[in-house]
Amino acid sequence: MKVLVIYYSMYGHIHRMAQAVAEGAKEVAGTEVIVRRVPETLSDDVLEKMGALEAQKSMSRIPICNIDQLADADAIIFGVPTRYGNMCGQMRQFLDSTGKLWSSGALVGKIGSVFTSSATQHGGQESTILSFHITLLHHGMIIVGLPYTFNGQTRLDEITGGSPYGASTIAGPKGERWPSENELEAARFQGRHVAVITSRMMS
Ligand SMILES: Cc1cc2nc3c(=O)[nH]c(=O)nc-3n(C[C@H](O)[C@H](O)[C@H](O)COP(=O)(O)O)c2cc1C
């Protein structure tokens with residue numbers, strides 16, 4: 001069983017969450033986890049102005065995904081930072097290159113799941129995940145979120161990301177906050193949950 005974790009991360013928050021998602025999926029026996037990034041669409045010049053060049057270099061060891069790897073996976077977990085309450089353009093551009101998969105129905109019946117991050121607590125995490133689901137449904141995918149059996153979702157003793165739609169982290173207005181243990185546990189839970197459901201479907 002192959003679980004593909006595919007993401008875009010500008011400053012590293014989604015990158016950290018993606019590692020936790022992969023850790024969770026790997027806990028399920030028989031799961032091969034593949035981690036990939038989507039291609040960057042911004043020039044180094046622009047990335048430098050956005051203060052993201054160093055972070056991009058540190059993530060460069062993660063290979064770039066090609067669309068055939070989506071077809072090869074049994075489940076795909078997408079990680080994406082919020083841009084104005086929607087997915088980032090890098091992910092949108094990558095998804096817009098999957099017409100070949102759509103026309104052949106290559107992703108129909110596969111599990112799809114999404115996690116996210118935003119600068120602010122109410123800056124569009126849920127809208128980013130839910131609007132991402134539309135594309136997955138057009139591909140005929142079966143959507144899996146983050147159930148309330150992840151108890152950390154209901155805690156009120158600290159600020160935390162995470163919703164029934166998927167794991168998330170709050171990066172702070174300057175990207176100064178890093179995923180908390182609760183948010184990383186949500187990401188691990190989501191990865192594990194996707195792998196368990198996929199293995200049940202395949203048996
Ligand atoms: C163009 C742009 C638009 C953004 N829009 C939002 C937004 O609507 N709400 C929000 O809370 N954060 C917004 N952010 C902040 C990003 O979501 C944040 O930098 C990101 O989640 C950090 O994750 P990363 O380090 O993996 O890229 C925006 C950032 C950029 C560059």
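In each ligand, atom 1 is the first atom listed, and ligand 1 is the first ligand listed.
Between the side chains of S113 and Q190, a donor-acceptor pair is found at a separation under 3.5 Å.
Listed by chain and residue number, nothing satisfies the salt bridge (Lys or Arg N to Asp or Glu O under 4.0 Å) test with E176 (two or more places apart in sequence, or in another chain). Contacts of K49 classified as salt bridge (Lys or Arg N to Asp or Glu O under 4.0 Å), with partners at least two apart in sequence or in another chain: D45. E23 meets the side chain to side chain donor-acceptor pair (under 3.5 Å) test with R188; sequence neighbours excluded.
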Could you list, one pair per line, each nitrogen or oxygen of ligand 1 together with any protein nitrogen or oxygen closer than 3.5 Å, giving atom names and the distance rounded to 0.1 Å?
residue, atom, partner, partner atom, Å
ligand 1, 5 (N), Y84, N, 2.9
ligand 1, 8 (O), Y84, N, 3.0
ligand 1, 8 (O), G85, N, 3.3
ligand 1, 8 (O), G123, O, 3.4
ligand 1, 9 (N), G123, O, 2.8
ligand 1, 11 (O), A119, N, 3.1
ligand 1, 11 (O), T120, N, 3.0
ligand 1, 11 (O), T120, OG1, 2.9
ligand 1, 12 (N), A119, N, 3.1
ligand 1, 17 (O), T82, O, 2.8
ligand 1, 21 (O), S117, O, 3.1
ligand 1, 21 (O), S117, OG, 2.5
ligand 1, 21 (O), S118, N, 3.4
ligand 1, 23 (O), S117, OG, 3.0
ligand 1, 25 (O), Y11, N, 3.0
ligand 1, 25 (O), G12, N, 3.0
ligand 1, 25 (O), H13, N, 3.0
ligand 1, 25 (O), H13, ND1, 2.7
ligand 1, 26 (O), S9, OG, 2.6
ligand 1, 26 (O), H13, N, 3.3
ligand 1, 26 (O), I14, N, 2.8
ligand 1, 27 (O), M10, N, 2.7
ligand 1, 27 (O), Y11, N, 3.2

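Residue E181 qualifies as enclosed at atom CD: its count of foreign heavy atoms under 6.0 Å is above 12. Enclosure of atom CG in L53 by more than 12 non-hydrogen atoms of other residues, nucleotides or ligands within 6.0 angstrom is indicated.
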